[in-house]
Number of protein chains: 2
Amino acid sequence: MKIGELSRRTGVSVRMLRYYEAEGLLAPQRTGSGYRDYGPAEEQTVRRIKMLGAAGMTLETIQQLLPCVRNNDPEFTPCNNLRKILADQVSLIDERIETLSQSRTILAGFLSSVT
Amino acid sequence: MKIGELSRRTGVSVRMLRYYEAEGLLAPQRTGSGYRDYGPAEEQTVRRIKMLGAAGMTLETIQQLLPCVRNNDPEFTPCNNLRKILADQVSLIDERIETLSQSRTILAGFLSSVT
DNA sequence: GTAAGGTCTGACAGCACTGTCAGGGTCAAG
DNA sequence: CTTGACCCTGACAGTGCTGTCAGACCTTAC
């Protein structure tokens, strides 16, 4: 399928589909006239990128992870560092939550001081 | 005092002190030769900016808030929205924490699926 | 008077995307 | 054959800071 249809089917903008490719996360076939031609495998990949992105991962991190999920549909193929990457991501999120919680405490303090 | 000393005393880089000024959060005197000349009031302001920034507020938001804390002015009239701004910020942080928590859940799911 | 160190302005770079526009090619239908 | 929808590449804008560099001026001390 062409890029517009894939965009419609996945909800990812055309702009971002091209960006995924520029960042090395997708490599669709090209038609004779240069149009990108995506297959079902690519569509699945895009859905995975979207899901991992929703989990707050950067495209760079997703790119590292992608080879581990490219093959088998339902589950991850265990790569050596897959667990480490995921665990690191969870730690990263925990750190961010902790930082935000501290900020919240500070602001709540200000708020109560003007009440 | 000059900008370098203020930087040393507050731990805010010279670059950022100038940036604060460009964004309208500071307006130090100038010497005859054009050097910025900060007084104790400015130093206090910088410390407040730093604290509010640590609470995750953008400079734009801090700028709105600053007139309310600039001097312990008994006049609250122009700061009727102080509490609202603070409350909004807390809500914003809560949203971000919620988003991160959802991301965490997704990632933890991935992690358990490869365990 | 000269050397060192501080300061000035202005501008470019980088993050991690995301939108948008320009200028031009392709394809299907009427 | 022309129209309209779609596609291509490339580039600029904007976020909210933050570092760094260039070229020039000021100040202090030796």
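Because the structure is predicted, anything quoted here is derived from the model rather than measured. Letters go in sequence order (proteins before strands), and every chain restarts at 1.
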Evaluate the criterion side-chain contact (heavy atoms from CB on, under 4.5 Å) for residue pair D37(A) and R30(A); output intermediate values, then yes/no.
CA-CA 5 Å; D37(A) 186 18; R30(A) 295 291 184 127; over 6 Å; no

Using a 4.0 Å heavy-atom cut-off across all strands, classify T31(B) as base, sugar-phosphate, or nothing.
nothing

For Y20(A) and R36(B), find the nucleotide of DNA chain C closest to each by heavy atoms; which residue's nucleotide sits nearer the 5' end?
R36(B)

Terminal axis angle for the helix from dG1(C)-dC30(D) to dG30(C)-dC1(D), five pairs an end, nearest 10 degrees
30°

Candidate list T10(B), L17(B), L26(B), test side-chain contact (heavy atoms from CB on, under 4.5 Å), partner E42(B), passing option:
L26(B)

Side chains of residues 101-110 of chain A: which donor-acceptor pairs under 3.5 Å do they make with residues two or more places apart or in other chains?
| residue | atom | partner | partner atom | Å |
| --- | --- | --- | --- | --- |
| S101(A) | OG | I97(A) | O | 2.9 |
| Q102(A) | NE2 | E98(A) | OE2 | 3.2 |
| S103(A) | OG | T99(A) | O | 3.1 |
| S103(A) | OG | A54(B) | O | 3.1 |
| R104(A) | NH1 | D94(B) | OD1 | 2.7 |
| R104(A) | NH1 | D94(B) | OD2 | 2.6 |
| T105(A) | OG1 | S101(A) | O | 3.0 |

So, taking the atom named CD in E5(A) and the one named CD1 in I3(A), what distance separates them when rounded to the nearest 0.5 Å?
12.0 Å

Using 0.5 Å steps for rounding, measure from the CG atom of L82(A) to the CG atom of L111(B).
8.0 Å

Taking side chain to side chain donor-acceptor pair (under 3.5 Å) as the definition, give me every residue that meets it alongside S91(A), ordered by chain and number, with sequence neighbours left out.
none

Distance check, rounded to the nearest 0.5 Å: M57(A) atom CE versus L92(A) atom CG?
9.5 Å

Q63(A) has an atom CD; how far is it from atom P of dA16(C), in whole Å?
13 Å

Out of curiosity, does Y35(B) fall in the hydrophobic cluster containing M1(B) (side-chain heavy atoms, cut-off under 4.5 Å, transitive links)?
no

Which whole-number value in Å describes the distance from L17(A) CG to dG19(C) P?
11 Å

Expressed as a whole number of angstroms, how long is the span from E23(B):CD to dT18(D):P?
11 Å

For E60(B), enumerate each residue passing the salt bridge (charged side-chain N to carboxylate O under 4.0 Å, His left out) test, keeping only those at least two apart in sequence or located in another chain.
none

When every non-hydrogen atom of L25(B) is compared with those of T45(B), the smallest separation belongs to O-CG2, 4.0 Å

With sequence neighbours excluded, residues passing side chain to side chain donor-acceptor pair (under 3.5 Å) with T61(A)
T58(A)

Please tabulate, one pair per line, each protein N/O and nucleotide N/O from nucleotides 12-17 of chain D that are separated by under 3.5 Å, including the distance.
| residue | atom | partner | partner atom | Å |
| --- | --- | --- | --- | --- |
| dC17(D) | OP2 | L59(B) | N | 2.6 |

In chain order, what residues pass the salt bridge (charged side-chain N to carboxylate O under 4.0 Å, His left out) check against D88(A), with sequence neighbours excluded?
K84(A)

L6(A) side chain reached by V12(A) side chain, heavy atoms, under 4.5 Å:
no

Taken to the nearest whole Å, CD/E21(B) to P/dT7(C) is 14 Å

Partners of R36(B) by salt bridge (charged side-chain N to carboxylate O under 4.0 Å, His left out), sequence neighbours excluded?
E21(B)

With respect to the phosphate group of dC26(D), does any side-chain polar atom (N or O) of R30(B) fall under 4.0 Å of OP1 or OP2?
no

Protein and nucleotides 21-25 of chain C: nitrogen or oxygen contacts under 3.5 angstrom:
| residue | atom | partner | partner atom | Å |
| --- | --- | --- | --- | --- |
| dG25(C) | N2 | Y35(A) | OH | 2.7 |

Taken in chain and number order and not counting sequence neighbours, the residues that satisfy salt bridge (charged side-chain N to carboxylate O under 4.0 Å, His left out) with R47(A) are E43(A)

Do any of residues 1-8 of chain B sit with a heavy atom less than 4.0 Å from DNA chain C, and if so which?
K2(B), I3(B), G4(B)

Which of residues 90-104 of chain A sit near DNA chain D, with a heavy atom under 4.0 Å from it?
none

Hey, mind stepping through Y19(B) and M16(B) against side-chain contact (heavy atoms from CB on, under 4.5 Å) and telling me if it holds?
CA-CA 5 Å; Y19(B) 185 62; M16(B) 288 312 296; 3.4 Å; yes

